[in-house]
Amino acid sequence: SRPKSLCRGPRREPKTESNAEPSLMILATKSALRTGVEVKVLHIRERELGYFYNACTQIATQSALLAGFCYSGLTYLTYVDGDICERTCAELIFPLAVITAMGFAMLAL
């Protein structure tokens with residue numbers, strides 16, 4: 001007969017290769033699940049980066065278009081009719097507004 005153990009719980013058998021396989025399978029499954037989650041997170045980050053890139057490209061295109069219009073407005077400043085607005089409007093306010101808009105457009109680029 002076997003000697004009684006001091007603890008009252010059931011006796012555990014020592015780990016052998018046949019007992020160790022289920023725990024290795026659980027660890028392998030855990031590792032595979034973690035890897036799958038990391039891959040999904042990377043796909044989500046890649047999509048976010050694509051959306052951000054597209055948004056920045058659209059803003060840059062609109063800014064370049066606005067800057068081009070502002071430049072043409074400054075080029076044709078001599079053709080502003082003095083009868084439409086007073087001399088102050090043609091010489092000060094219009095160029096100031098165009099330069100401000102062009103500056104904001106360049107800032108967005």
Side-chain angles (χ1 to χ4, degrees):
S1 109
R2 289 194 278 179
K4 286 187 170 184
S5 66
L6 296 175
C7 61
R8 294 189 173 176
R11 285 196 105 157
R12 293 187 180 187
E13 297 179 21
K15 283 191 175 184
T16 60
E17 287 186 26
S18 62
N19 290 354
E21 280 185 34
S23 64
L24 289 177
M25 290 298 290
I26 290 173
L27 289 175
T29 305
K30 179 181 173 183
S31 175
L33 288 173
R34 278 194 178 174
T35 304
V37 168
E38 288 175 1
V39 168
K40 287 180 182 179
V41 167
L42 286 175
H43 283 296
I44 290 171
R45 287 185 180 175
E46 182 181 8
R47 290 175 98 187
E48 287 177 347
L49 186 62
Y51 290 139
F52 181 73
Y53 175 76
N54 288 337
C56 287
T57 302
Q58 289 176 357
I59 290 173
T61 303
Q62 293 172 2
S63 300
L65 185 68
L66 180 62
F69 287 145
C70 291
Y71 181 74
S72 66
L74 286 175
T75 304
Y76 295 111
L77 186 60
T78 57
Y79 298 115
V80 174
D81 190 12
D83 295 336
I84 294 175
C85 62
E86 296 177 14
R87 193 163 177 80
T88 306
C89 175
E91 290 181 359
L92 180 67
I93 296 174
F94 180 74
L96 184 64
V98 171
I99 289 172
T100 304
M102 190 173 186
F104 284 133
M106 289 297 144
L107 183 66
L109 284 175

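Values in this document were obtained by computation on a predicted structure and should not be read as measured data.
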Checklist entry - Looking at CD of Q62 and CD1 of I59, how far apart are the two atoms once the value is rounded to the nearest 0.5 Å? => result 7.5 Å
Next on the checklist: For L96, is there any backbone N or O sitting under 3.5 Å from a side-chain donor or acceptor partner on T100?
Outcome noted: yes
Item to check | Straight-line distance of R45 CZ to E48 CD, nearest 0.5 Å | outcome: 8.0 Å
Item to check | Gap separating the CG atom of L66 from the OG1 atom of T61, nearest 0.5 angstrom | outcome: 12.5 Å
Checklist outcome for this item: Residues joined to Y51 in its hydrophobic cluster, side chain to side chain under 4.5 Å directly or through other members, sorted by chain and number, are none
Checklist entry - Are any of the side-chain heavy atoms of K30 and R34 separated by less than 4.5 Å? => result yes
